[in-house]
Amino acid sequence: MDTSSRLNSTFHLTFLFLLIFYFSSDMETIKLCLGDGNLNVKCIDTEREALLELKNGLSDPSGRLSSWEGNDCCKWNEVICNSQTGHITKLNLRNPYPLINGGVGDRAAYERSCLGGNISSSLSRLQYLSYLDMSLNDFRGAEIPDFFSGFKNLRYLNLSFSSFSGDIPSQLGNLSSLLYLDLYADSYSNTGSWELRANNLHWLSGLSSLKYLNLGFVKLKGVGSDWLQAVNMLPSLVELHLDYCELESLPLSFPSINLTSLSVLDLSDNSFNSKIPQWLFNLTGLTKLYLVWNFFSGPIPSEFSRLKSLEVLVLSNNLDLGGQIPGVFGNLRNLKVLDLSANGLTGEIHQFFGGFSSNPNNSLVSLNLNSNSLAGELPESLGVLRNLQYLYLSGNSFFGSIPTSIGKLSSLKKLDLSYNSMNGTIPESFGQLSELVDVNLVENSWEGTLEETHLMNLNSLENFHLSTVPSRSLVFNVSYKWIPPFRLKSIQLENCQLGPSFPVWLQVQNELTSVTLRNVGISDTIPGEWFSKLSPHITHLVLSNNQIKGKLPNQLKTPNLRFIDLSSNRFEGPLPLWSANATEVYLQGNLFSGSIPENIGGLMPRLEKFYVFSNHLAGGIPSSFCAIRGLQVLSLRKNQISGEIPNCWHQSMLWAIDMSNNTLTGQIPSSFGFLSSLSVLLLRNNYLDGEIPSSMQNCSGLTSIDFRGNKLSGSLPSWIGERLSSLFMLQLQSNSLRGPIPQQLCNPPNLHILDLSGNRFSGDIPKCVGNLTALVSGKNSEVFLQLLYVAMKGKTLEYKNIVAAVNGINLSGNNLTGEIPVEVTNLVTLRALNLSRNQLSGNITEKIGDLQNLETLDLSYNHLSGSIPGSLASLNSLVHLNLSYNNLEGKIPAGFQKFKDPSVFIGNPSLCGIPLPNKCPGGDRIL
């Protein structure tokens with residue numbers, strides 16, 4: 001049960017108790033409010049002075065107590081007096097800030113309207129007080145005053161959401177007239193974290209008249225199982241809230257339950273770790289029962305059928321509740337809300353719906369079975385739930401078609417079948433749901449057609465979300481000029497056949513705030529009138545993976561547009577930079593041309609992710625990118641961008657930069673060293689020169705460096721191995737780097753890809769290469785690959801090449817000398833090793849056979865000698881092998897039958913045997 005629901009429930013009950021309270025005990029107050037009392041009554045001087053002392057001790061930034069002046073306190077706001085005696089009976093200091101869906105919209109405005117400070121003990125002089133409400137304020141960890149226990153006439157006490165802390169005063173048990181007690185200890189305050197607690201609840205025994213008790217968020221971890229005994233001493237209790245109380249003990253049985261009047265029980269968000277107790281089913285007067293997040297286990301008891309008055313049952317997120325759903329819920333004629341989501345339920349649901357078939361007059365309004373492991377086809381008996389308004393079946397394994405009986409749910413407003421395995425059709429009866437507002441059918445495998453009959457009566461439809469597998473086996477067979485009865489707020493259609501044109505039924509949707517039309521087969525130009533009339537409230541626009549063509553308007557009146565994805569189409573012309581509030585822009589894979597505006601930092605100051613790769617952009621990289629402080633990802637790959645990279649990166653939050661495959665010149669900017677968040681830096685295939693800047697050693701979070709195909713010179717800095725401990729990929733192929741490979745390069749524990757090929761490195765291969773931890777254990781590669789996927793937007797040839805290179809070392813095309821270190825055979829997860837085109841000598845170690853995951857081995861064009869190790873033939877995973885042009889000798893060992901191409905072994909004059917043409921002396925050519 002969320003906070004909003006709790007508040008709504010609390011407020012409704014508050015109103016009920018107020019009526020009980022006023023009409024039973026304080027008719028004079030009612031008369032005063034209605035104008036039928038002695039309006040000339042004056043307040044008591046001592047009580048007025050008490051209020052003034054209270055006011056002086058409180059902080060009141062919004063001036064809520066500004067009316068507290070003058071002699072007649074009975075005329076002050078929030079104060080009510082008895083019309084006969086003048087004594088103050090009611091003090092309502094509740095924060096009037098209007099909550100929005102149970103939450104705070106403008107936190108600053110909320111905090112300004114809070115009372116705080118010190119609650120003066122002068123308040124204890126209000127001995128006739130029967131109603132005290134100080135809720136929704138911010139007392140910043142103050143303790144509940146002990147003197148509250150002196151209000152002997154108090155019937156209503158509400159201190160909820162006011163940031164009290166410390167122990168609840170046990171003296172509150174002296175308030176024997178109390179009907180309503182709300183100490184709900186959560187807070188909307190942003191000023192601190194306060195904890196209200198109780199070590200026992202024995203003090204409750206003095207509140208024998210109590211009808212409402214809310215101790216939500218009060219820490220009761222230390223009370224043990226005594227809490228139930230204490231609560232059981234409140235025979236008049238109608239509503240009990242003990243949610244988020246850190247209760248750990250829940251007796252499975254209890255000798256005698258006195259809570260015969262209990263109507264509402266909330267035990268959510270505790271840590272019971274037990275079965276659902278049997279004594280719950282003796283509370284036959286329950287109308288609302290909330291048992292969320294309690295780690296209950298075992299099957300759902302059939303004894304729920306005994307709770308005949310039950311209207312609301314929320315039993316979600318217990319995780320270990322398993323088995324099938326019993327059919328007993330169909331016997332509960334008053335049941336309106338049933339939430340069994342996220343409980344690990346299994347099997348089919350025919351029995352469950354069958355239970356309702358025997359009760360055609362059922363009252364069920366909301367059914368939530370989300371996030372279980374339910375399977376099978378949805379039964380036709382679904383149609384028996386004639387009053388159903390909300391149906392949530394997301395995150396299961398249902399398959400087949402939507403039953404035709406769905407059309408009988410004439411009151412249905414929300415339908416969620418997302419994330420299932422539905423592989424059938426949507427029936428025409430779906431079109432009978434004239435009350436339907438929200439539909440979510442994404443992540444299934446729908447097939448068949450959707451025609452006008454499926455849509456023509458959906459008069460109330462506002463949100464329509466549907467996606468299927470990429471084959472586009474679901475087709476919209478709607479006439480081009482058909483006009484629907486609905487006006488959508490959001491639409492999401494993915495991997496279905498909607499095109500090739502933009503149908504009119506889409507063009508008339510001018511109230512949209514979110515549009516996703518991904519891979520729907522549109523090859524049309526965008527209708528200019530529709531596009532120009534998009535709602536000014538639109539925040540989300542996705543038209544990706546189509547073949548939409550033509551130029552886009554330079555400007556759109558969409559000030560709230562934050563997410564733009566027009567990728568993988570045929571758009572041309574200049575970049576559409578429409579919204580100053582855009583945070584994510586995906587324009588890759590189009591035909592956009594021209595240059596990136598120099599003032600892009602001013603045009604889109606809130607930009608966080610900017611993908612424009614694989615277009616025809618030219619010109620330079622604007623320095624105003626550096627001014628966008630929130631920029632996280634900048635991907636300019638595969639364009640014709642030229643000039644130098646601006647050296648101004650001092651304030652950005654960038655974690656991924658991809659400027660590969662352009663014609664950039666100059667040096668790598670030293671200011672990249674100021675990007676403390678930088679994780680991915682891809683600059684390959686440009687004309688960059690100079691050395692790797694030493695300032696980059698400050699980018700300690702770098703995981704991926706790709707500088708291939710440039711003109712970099714100088715030595716390989718040792719700090720790369722010393723400072724970049726998170727390094728996953730280092731690719732420096734085809735540059736002009738020289739000198740030895742530093743020993744420190746063996747340090748990074750997560751290094752999975754090392755490519756130094758095509759440079760001028762010299763000296764020996766460091767023996768410490770055998771200490772590369774990631775190539776010994778093979779751990780953590782998935783994490784870094786996911787990071788790269790996000791940075792590059794995946795599914796590209798470049799990304800696939802990177803995946804293929806994981807757990808690989810390429811040192812080919814250098815001037816390396818000495819022997820191949822035997823320590824390299826420690827790298828048991830190595831998949832690719834290329835040491836070709838160097839000056840390596842010595843033998844190939846027999847331990848090469850330890851590399852059981854090796855798929856590619858290239859040792860060609862070196863000075864290796866000796867025989868080919870027989871263990872090499874035992875590598876079943878080996879697919880690519882090249883030992884050509886060395887000084888190897890002797891017979892090719894048995895086991896190399898799969899390498900039939902002589903080029904694998906040629907250039908070794910002293911080698912013999914199949915597949916080489918020369919026979920071995922004194923032996924046959926059989927392997």
Side-chain angles (χ1 to χ4, degrees), residues 1-19 21-22 29-30 33-34 51 54-55 58-68 75-80 90-117 119 131-142 156-164 180-194 196 212 214 216-217 239 241 243-244 264 266 268 288 290 312 337 390 413-414 437-438 462-463 489 513 536-537 539 559-560:
M1 185 182 183
D2 59 22
T3 300
S4 174
S5 300
R6 289 189 182 95
L7 285 172
N8 288 336
S9 176
T10 300
F11 295 161
H12 292 158
L13 203 70
T14 301
F15 180 70
L16 171 63
F17 279 121
L18 282 176
L19 290 180
F21 164 59
Y22 279 129
T29 301
I30 291 290
C33 294
L34 296 177
L51 289 182
L54 173 67
K55 176 184 177 181
L58 294 176
S59 60
D60 181 18
S62 65
R64 284 166 49 195
L65 305 182
S66 58
S67 69
W68 287 20
K75 294 182 179 179
W76 295 354
N77 291 341
E78 321 305 343
V79 178
I80 291 181
K90 179 179 178 181
L91 188 58
N92 183 4
L93 299 180
R94 177 187 179 85
N95 188 342
Y97 181 86
L99 299 178
I100 302 173
N101 296 322
V104 171
D106 186 338
R107 182 168 296 278
Y110 164 76
E111 292 180 350
R112 282 194 302 271
S113 67
C114 284
L115 296 177
I119 301 175
Y131 182 106
L132 177 60
D133 190 341
M134 306 187 80
S135 59
L136 287 167
N137 289 294
D138 185 6
F139 290 101
R140 304 194 178 194
Y156 182 100
L157 178 59
N158 190 346
L159 305 179
S160 62
F161 291 95
S162 286
S163 301
F164 287 105
Y180 185 106
L181 177 60
D182 192 344
L183 303 180
Y184 192 77
D186 196 13
S187 174
Y188 292 116
S189 170
N190 206 26
T191 57
S193 178
W194 317 117
L196 189 63
Y212 179 95
N214 192 339
F217 274 91
E239 187 161 344
H241 295 266
D243 48 311
Y244 291 94
V264 178
D266 190 348
S268 297
K288 297 178 181 179
Y290 303 96
V312 176
V337 177
Y390 308 95
K413 295 180 179 179
K414 293 188 178 183
V437 176
D438 297 330
E462 294 183 359
N463 306 297
K489 297 289 192 299
T513 60
H537 303 294
T539 62
N560 297 305

Undergrad: Might you point out which heavy atoms bring Asn137 and Ser113 nearest each other, and give the distance in Å?
TA: OD1-O, 4.3 Å
Undergrad: Using the test side chain to side chain contact (heavy atoms under 4.5 Å, CB included), find all partners of Ser59 that sit at least two apart in sequence or belong to another chain.
TA: none
Undergrad: Supply the atom-to-atom distance Leu159 CG to Leu132 CG, rounded to the nearest 0.5 angstrom.
TA: 6.5 Å
Undergrad: Any idea which heavy atoms bring Arg94 and Ser135 closest together, and the distance?
TA: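 Looks like NH1-OG, 2.7 Å.
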Undergrad: Within the 4.5 Å heavy-atom criterion, are Tyr244 and Asp186 side-chain neighbours or not?
TA: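 Contact flag for Tyr244/Asp186 side chains = no.
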Undergrad: Got a sec, which residues hit ring-ring contact (aromatic ring centres under 6.0 Å, His included) with Tyr390, two or more places apart in sequence or on another chain?
TA: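 Partners of Tyr390 by the ring-ring contact (aromatic ring centres under 6.0 Å, His included) criterion come out as none, since no residue qualifies.
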Undergrad: Roughly how far, to the nearest 0.5 Å, is CG of Asn158 from CG of Leu93?
TA: 11.5 Å
Undergrad: Examine distances only and state if a side-chain atom of Tyr290 and a backbone atom of Val264 form a donor-acceptor pair shorter than 3.5 Å.
TA: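 Answer holds: no.
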Undergrad: Using the side chain to side chain contact (heavy atoms under 4.5 Å, CB included) criterion, which residues pair with Val337? Sequence neighbours excluded.
TA: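 If we apply the side chain to side chain contact (heavy atoms under 4.5 Å, CB included) test to Val337, skipping adjacent residues, the hits are Val312, Ser366.
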Undergrad: Report the distance from atom CZ of Arg112 to atom CG of Asp106, rounding to the nearest 0.5 Å.
TA: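 The distance works out to 6.0 Å.
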Undergrad: So, taking the atom named CG in Leu181 and the one named CG in Asn214, what distance separates them when rounded to the nearest 0.5 Å?
TA: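 Here the interatomic distance stands at 8.5 Å.
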Undergrad: Can you name the side chain to side chain contact (heavy atoms under 4.5 Å, CB included) partners of Asp60, sequence neighbours left out?
TA: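 In terms of side chain to side chain contact (heavy atoms under 4.5 Å, CB included), with neighbours along the sequence ignored, Asp60 is linked to Ser62, Arg64, Leu65, Leu115.
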Undergrad: Only one of Tyr184, Phe139, Tyr97 clears ring pair (Phe, Tyr, Trp, His ring centres under 6.0 Å) with Phe161; which?
TA: Tyr184
Undergrad: Between Ser187 (side chain only) and Trp194 (backbone N and O only), is there a donor and an acceptor less than 3.5 Å apart?
TA: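 Looks like no, no N/O pair under 3.5 Å.
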Undergrad: List for me each residue that meets salt bridge (Lys or Arg N to Asp or Glu O under 4.0 Å) alongside Lys489, sequence neighbours excluded, and say none if there are none.
TA: Glu511
Undergrad: Got a sec, which residues hit side chain to side chain contact (heavy atoms under 4.5 Å, CB included) with Thr539, two or more places apart in sequence or on another chain?
TA: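 Thr539: side chain to side chain contact (heavy atoms under 4.5 Å, CB included) contacts with Asn560.
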Undergrad: Would you give the length of the straight line joining atom OG of Ser163 to atom CG of Leu196, rounded to the nearest 0.5 angstrom?
TA: 10.5 Å
Undergrad: Measure from the side-chain N and O atoms of Tyr110 to the backbone N and O of Asn95, and report whether any donor-acceptor pair falls under 3.5 Å.
TA: no
Undergrad: What are the two closest non-hydrogen atoms of Tyr156 and Asp133, and how far apart are they?
TA: OH-OD2, 3.9 Å
Undergrad: So, Ser162 side chain and Asp138 main chain: donor-acceptor pair closer than 3.5 Å or not?
TA: no
